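Inspection log for the structure reproduced underneath, given as structure tokens.
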2 protein chains.
Amino acid sequence: MIGNGRTNDPQGVRRRIVDTAYDAFVKQGYIATGMLEIREKASVSGGAMAHHFPAKRALGLAVIRDRVSHAVRQTWIEPLDRCVDAPAAIDLIFGDIIGELAPKGSVSGCPLNNMAMDVSPHDPEMRLALDDIFAAWQEALSAKFQADLASGRASNIQPSSLATLVIAIYSGAMAMAKARQDVGALVESRAELAALLALKYRRVTSAG
Amino acid sequence: MIGNGRTNDPQGVRRRIVDTAYDAFVKQGYIATGMLEIREKASVSGGAMAHHFPAKRALGLAVIRDRVSHAVRQTWIEPLDRCVDAPAAIDLIFGDIIGELAPKGSVSGCPLNNMAMDVSPHDPEMRLALDDIFAAWQEALSAKFQADLASGRASNIQPSSLATLVIAIYSGAMAMAKARQDVGALVESRAELAALLALKYRRVTSAG
DNA sequence: TTTAAAACAGGACGATTGACCTGTTAGGAG
DNA sequence: CTCCTAACAGGTCAATCGTCCTGTTTTAAA
């Protein structure tokens, strides 16, 4: 109505909406989250919401492409480049995630997996967008295993299927942790995964 | 209204409702499935539905306790008793599931995992019921590994955490298969899991 | 300064949700 | 047979869903 100090900030409003939606989608699920709830939490009017995201699907797509994709890249792909080999990176990632989960008290699960589980059956376009993220994740891990094989750090491994296995272990352990509200599954899976990778790797950390 | 050949069949009606709900919950998700949809698919009136299940939560609980629990027991726990050791059972189970999925054309995912993912954050009672199923599954697998250890078939394994790993691999691979609509993740995970278990087991199938 | 388009406000829309109501019928106990 | 309760029919309820509308204000280009 009356023009109190309103300032147009399309990028900021859009960012607030996507951030709020990302949180809600990951914690409660895409279907269980209403547009009204997002509008209220993000302090955005219906008009602004409709302007930026005419439909819920568009918001879901934006969350997947702008946030879920980034989350996977940041927590799983980038650490691969900063570690000497795949096992070191994987153990570091598991450790970080367990460390972040422990004090929080509740386990909300893997963003990518959470989105994929309740969106995949209903929206082919969103499913494909999530599929791309899975593919990038698998490819990055696979490339790291391949590099370890080429550099002689690892032997007798099949990079592609081993990468799939690692993703499955992480996704499954996170799903269990969410269902049981206990990080135990992540802790146990981390140890087992480290042990089985150690059999294929000759570590240089200690003399041997 | 007019008393056309109606017959009271409380057990049958209840079974039809639970069966229909189980299918819908697994394929579309608990939240995404409406009570009206279940009523129509099961050909049940609103009055009958309200009589048997006063609230959606009660139906969800019944599906978990009567169907999901049974599905896990039948596909994962009972085969353990019919196989010589855990690796044989696990490979058989993966093979059966992949074989059933291949001609179907679509992957709807693991019933237990599907239910857990979208129900856990919203209903503590249903989450605990699912938690019990996870616990029974983990315990059965753990006991089989323990038996293999005692009988000398396996060595250098930790039954409890290894059982958790197997469940994580299966759940995660199934989640990937559902998200990507491709059984590839299950096939690859099966092979990797068989290979890593073989390292801990001395097989008696072939001479050696 | 004029102007057109983007950005935003606030509310209303029909459809659908889960829950529940009153009334009627079936079927076993007495 | 009578009677009573579980079983069932059919419809209604407020609440909430996602979407869209009209109108106003900001903003940058001309």
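Just so it is clear: chains get the letters A, B, ... in the order the sequence lines come, proteins before strands, and each one is counted from 1. Predicted model, so just to flag it, every value in this text is computed and none were measured.
The separation between Asn8(A) atom CG and dT26(D) atom P is 8 Å, rounded to whole Å. Arg14(A) has its CZ atom 16 Å from the C1' atom of dC8(C), to the nearest Å. The nearest whole Å value for the distance from the CG atom in Asp9(A) to the P atom in dA6(C) is 17 Å. Distance CE (Met49(A)) to P (dA9(C)): 12 Å, rounded to an integer number of Å. Straight-line distance from the CZ atom of Arg16(B) to the C1' atom of dA7(D): 13 Å, rounded to whole Å. Counting to the nearest Å, the P atom of dA7(C) and the CZ atom of Phe53(A) are 12 Å from each other.
Distance from the side chain of Ser45(A) is smallest for dA9(C) among the nucleotides dT27(D), dA9(C), dT24(C).
One finds no salt bridge joining Asp19(A) and Arg14(A) here, because no Lys/Arg side-chain nitrogen approaches an Asp/Glu carboxylate oxygen to under 4.0 Å. Of the charged side-chain nitrogens involved, none lies within less than 4.0 Å of a carboxylate oxygen, so that Lys144(B) and Asp85(B) do not count as a salt-bridged pair. Residues Asp132(B) and Arg127(B) are not paired through a salt bridge, judged by the lack of any N-O separation under 4.0 Å between the basic side chain and the carboxylate.
Close to dA9(D), at under 4.0 Å from its OP1 or OP2, lies no side-chain N or O of His51(B). At dC8(C), one or more side-chain N or O atoms of His52(A) fall inside 4.0 Å of OP1 or OP2 (strictly under the cut-off).
Listed by chain and residue number, nothing satisfies the side-chain contact (heavy atoms from CB on, under 4.5 Å) test with Asp23(B) (two or more places apart in sequence, or in another chain).
Few gaps surround CD on Glu37(B); more than 12 heavy atoms of other groups in view lie less than 6.0 Å from it.
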With 3.5 Å as the limit, what N/O pairs link the protein to nucleotides 16-18 of chain D?
residue : atom : partner  : partner atom : Å
dG18(D) : OP1  : Thr33(A) : O            : 3.3
dG18(D) : OP1  : Lys56(A) : NZ           : 2.7
dG18(D) : OP2  : Met35(A) : N            : 2.7

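For Arg6(A) against dT26(D), no side-chain N or O and base N or O form a donor-acceptor pair under 3.5 Å.
Separation of atoms CG (Leu149(A)) and NZ (Lys200(A)) is listed at 11.0 Å; rounding is to 0.5 Å.
When heavy atoms are screened at a 4.0 angstrom cut-off, Arg39(A) is found touching base atoms of the nucleic acid. Across all strands, Val13(B) comes closer than 4.0 Å only to sugar-phosphate atoms, never to a base (heavy-atom distances).
Under the 30°/60° scheme for interplanar angles, the aromatic rings of Trp137(B) and Trp76(B) are found to be tilted.
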